[in-house]
2 protein chains.
Amino acid sequence: MAQKNVLQFIILGLLNEQPLTGYELTKAFDSDIGEFWSARHSQIYPLLNRMEGERLITHETEVTGEKLERKRYAVTPVGAEMLTRWLNEPTRTITPGKDEFALKLYFISDASDGRLHVMLQTQLQLHRSKLEHLEGQMKSKFSTDSQIRGHYGHYLILNHAIRRETEYCHWLEDALASAPAVADADTGTGAKRS
Amino acid sequence: MAQKNVLQFIILGLLNEQPLTGYELTKAFDSDIGEFWSARHSQIYPLLNRMEGERLITHETEVTGEKLERKRYAVTPVGAEMLTRWLNEPTRTITPGKDEFALKLYFISDASDGRLHVMLQTQLQLHRSKLEHLEGQMKSKFSTDSQIRGHYGHYLILNHAIRRETEYCHWLEDALASAPAVADADTGTGAKRS
DNA sequence: TATATACATGTCTTTATTGACATGATTATG
DNA sequence: CATAATCATGTCAATAAAGACATGTATATA
């Protein structure tokens with residue numbers, strides 16, 4: 001397996017809270033859980049079929065309006081047990097991360113490289129707006145203690161995401177502080193001088 | 001493409017510094033760059049072949065000892081140009097991260113869940129030893145300013161990795177501070193009471 | 001000198017994941 | 001009422017990536 005079929009457990013976990021359709025499951029990855037895992041509908045729908053074949057989940061068909069059908073999936077006892085086994089097993093690995101930007105940066109060998117400034121600036125902008133979005137999420141979802149109750153894990157990882165992005169921004173800002181805004185050194189290709 | 005063939009550019013970048021064998025390329029992912037991308041030899045060797053077919057790299061065969069052959073790959077002008085194009089293009093995306101632990105945590109809805117303590121403790125141990133290792137790397141590779149020169153990007157991302165792991169540990173420690181060491185609530189399965 | 005470890009290169013199968021293709025219904029908005 | 005956005009579910013081909021399988025050499029160490 002490329003990972004360990006973590007997606008399967010995420011689906012089980014989400015359906016364990018409440019029955020959901022494939023569409024709703026797909027949308028779940030647009031919000032906070034998307035900070036730590038992602039999946040498209042083209043991966044989700046086939047997996048739902050497979051999981052149903054394995055009796056981990058079942059569905060009942062609902063009809064919206066005149067004829068629009070949707071399948072609402074729910075966890076079976078077998079699926080619930082499998083979820084519990086996953087949850088009970090402490091995670092003894094660190095999921096290896098990927099970061100194209102960091103890698104690109106790795107190949108900038110010189111602190112005076114003219115490309116550094118725009119590279120860092122571009123990423124900083126991205127991470128700042130992400131951070132802003134996450135802080136909005138936190139405010140809207142967990143502004144009071146009572147909202148945390150029953151969603152503690154969600155609160156924890158949203159907090160985690162915010163701290164991660166905050167740190168990412170700080171790092172970029174620090175790096176930016178030592179990157180010249182105007183290129184002095186050659187950039188490997190035609191760097192325009194000002 | 002699942003990503004955008006970032007691996008191709010990493011290989012180009014590494015070979016641009018100095019010609020390397022497939023084996024050495026593979027090993028590169030065990031050190032700091034592995035903090036931001038990973039690849040196995042079973043992905044690297046076929047890709048080297050493909051890239052050579054596309055004239056991005058070439059190789060010359062060396063012999064070690066009596067008959068052990070190895071192919072030392074180097075970037076062609078075409079490959080170098082492609083690398084430069086990648087480096088010149090600011091990264092306008094954030095590579096989506098994956099973190100099985102965070103996801104598992106998401107499904108712990110109650111702060112009093114007995115599983116929380118061991119989950120957090122296990123991860124903290126992992127991230128602490130990773131942090132320790134990274135700090136060792138920093139000390140051995142960049143203890144003086146002169147060592148940074150010519151490897152600035154490497155220095156930056158190592159710093160990034162250290163700050164990331166430091167933050168991760170802090171977050172775990174904070175979460176741990178509010179997680180009871182002994183289970184009061186049920187854990188979904190047989191939680192032993194003390 | 002036995003032997004374990006590291007060096008060295010590959011292939012093959014399976015699984016994970018993306019992105020494109022494909023279709024149609026419902027609802028909100030102008 | 002037109003039409004855009006969203007809801008809703010799927011398939012298919014291609015690429016990415018993991019893990020197992022396969023083989024042999026060179027070197028350090030006991």
Side-chain angles (χ1 to χ4, degrees), chain A residues 1-11 19-31 33-34 36-54 57 59-73 93-100 103, chain B residues 1-11 19-31 33-34 36-54 57 59-73 93-100 103:
Chain A
M1 337 144 200
Q3 229 88 216
K4 196 190 43 179
N5 210 348
V6 173
L7 183 56
Q8 175 181 213
F9 296 107
I10 298 172
I11 288 173
L20 296 169
T21 66
Y23 186 78
E24 288 165 336
L25 242 10
T26 302
K27 274 194 310 177
F29 292 91
D30 294 338
S31 76
I33 94 162
F36 300 104
W37 208 273
S38 48
R40 307 298 165 92
H41 82 276
S42 55
Q43 196 185 359
I44 290 170
Y45 284 111
L47 183 52
L48 286 171
N49 272 312
R50 190 188 111 194
M51 288 170 75
E52 191 165 36
E54 289 166 355
I57 56 176
H59 81 269
E60 56 177 276
T61 303
E62 294 175 355
V63 177
T64 305
E66 202 54 40
K67 52 168 97 166
L68 184 58
E69 293 193 347
R70 64 183 158 188
K71 298 177 182 173
R72 192 163 294 275
Y73 289 91
T93 53
I94 297 175
T95 313
K98 303 217 160 181
D99 186 333
E100 180 177 357
L103 251 304
Chain B
M1 338 141 200
Q3 228 87 217
K4 196 185 54 173
N5 210 347
V6 174
L7 183 55
Q8 176 180 214
F9 295 107
I10 298 172
I11 288 174
L20 295 168
T21 65
Y23 186 79
E24 288 165 335
L25 241 13
T26 301
K27 273 194 310 176
F29 292 90
D30 294 337
S31 75
I33 94 161
F36 301 102
W37 209 272
S38 49
R40 307 295 166 92
H41 81 277
S42 56
Q43 197 186 356
I44 290 169
Y45 285 111
L47 182 53
L48 286 171
N49 272 312
R50 189 187 112 193
M51 288 171 74
E52 190 164 36
E54 289 165 355
I57 56 175
H59 81 268
E60 56 177 276
T61 303
E62 294 175 356
V63 178
T64 306
E66 202 55 39
K67 52 167 96 164
L68 183 60
E69 293 193 348
R70 64 184 160 188
K71 298 176 180 174
R72 193 163 292 275
Y73 288 92
T93 54
I94 296 176
T95 312
K98 304 217 162 181
D99 186 334
E100 180 177 356
L103 252 304

Regarding A/Thr26, tell me which of base, sugar-phosphate or nothing describes its non-hydrogen contacts under 4.0 Å with the strands shown. nothing
Would you say a side-chain N or O of A/Lys98 is under 4.0 Å from OP1 or OP2 of D/dA17? yes
If you compare all heavy atoms of B/Leu48 against all heavy atoms of B/Gly22, which two are closest, and at what distance to 0.1 Å? CD1-CA, 3.7 Å
Measure from the side chain of A/Pro46, starting at C-beta and using heavy atoms only, and say which of D/dC7, D/dT25, D/dT11 lies closest. D/dT11
Nearest to side-chain heavy atoms of B/Leu68, which nucleotide of C/dT9, D/dA26, D/dT11: D/dA26
Presence of A/Lys4 side-chain N/O under 4.0 Å of C/dA16 phosphate oxygens OP1/OP2: no
How long is the line joining CZ of A/Arg72 and C1' of D/dC7, in whole Å? 12 Å
Run the side-chain hydrogen bond (donor to acceptor under 3.5 Å, both in side chains) test on A/Thr61 and A/Arg70 for me, step by step, so that the C-alpha distance in whole Å, both residues' side-chain angles and the decisive distance to 0.1 Å come before the verdict. CA-CA 6 Å; A/Thr61 303; A/Arg70 64 183 158 188; over 6 Å; no
Working to the nearest 0.5 angstrom, can you tell me the gap between A/Glu69 CD and A/Thr64 OG1? 9.5 Å
For B/Lys71, is there an ion pair with B/Glu60 - N to carboxylate O distance below 4.0 angstrom? no
Separation between OH (A/Tyr73) and CE (A/Met51), nearest 0.5 Å, reads 10.0 Å
Please confirm whether the shortest side-chain N or O distance from A/Arg40 to OP1 or OP2 of C/dG19 is below 4.0 Å. yes
Mind calculating the distance between CG (B/Leu7) and P (C/dT18) to the nearest angstrom? 17 Å
Kindly point out which of D/dT6, C/dT9, D/dG10 is positioned nearest to the side chain of A/Tyr23? D/dT6
Expressed as a whole number of angstroms, how long is the span from B/His41:NE2 to C/dT11:C1'? 9 Å
Can you measure B/Glu24 atom CD to C/dA8 atom P for me and round it to whole angstrom units? 6 Å
Among C/dA16, D/dC7, C/dC12, which nucleotide has an atom closest to any side-chain atom of B/Ser42? C/dC12
Length of the line joining A/Gln8:CD and C/dT17:P, which is rounded to integer Å: 12 Å
B/Ser38, nearest nucleotide to its side chain (from C/dT9, D/dA18, D/dG10): D/dA18
Between C/dG10, C/dG24, C/dA16, spot the one nearest the side chain of A/Arg50, thanks. C/dA16
Side-chain N or O of A/Gln43 versus OP1/OP2 of C/dA16: is the shortest distance under 4.0 Å? no
Round to a whole Å and report the spacing from NZ of A/Lys71 to C1' of C/dG24. 15 Å
Between P of D/dA16 and CD1 of B/Ile11, the distance in whole Å: 11 Å
Answer with base, sugar-phosphate or nothing: what part of the nucleic acid does A/Thr64 contact at a heavy-atom distance below 4.0 Å? sugar-phosphate
Whole angstrom is fine here: how far is it from CG in B/Asn5 over to C1' in D/dA17? 12 Å
Phosphate-side-chain proximity, B/Tyr45 and C/dT9, N/O vs OP1/OP2 below 4.0 Å: yes
Close side-chain approach of B/Phe29 to B/Leu7, heavy-atom, < 4.5 Å: yes
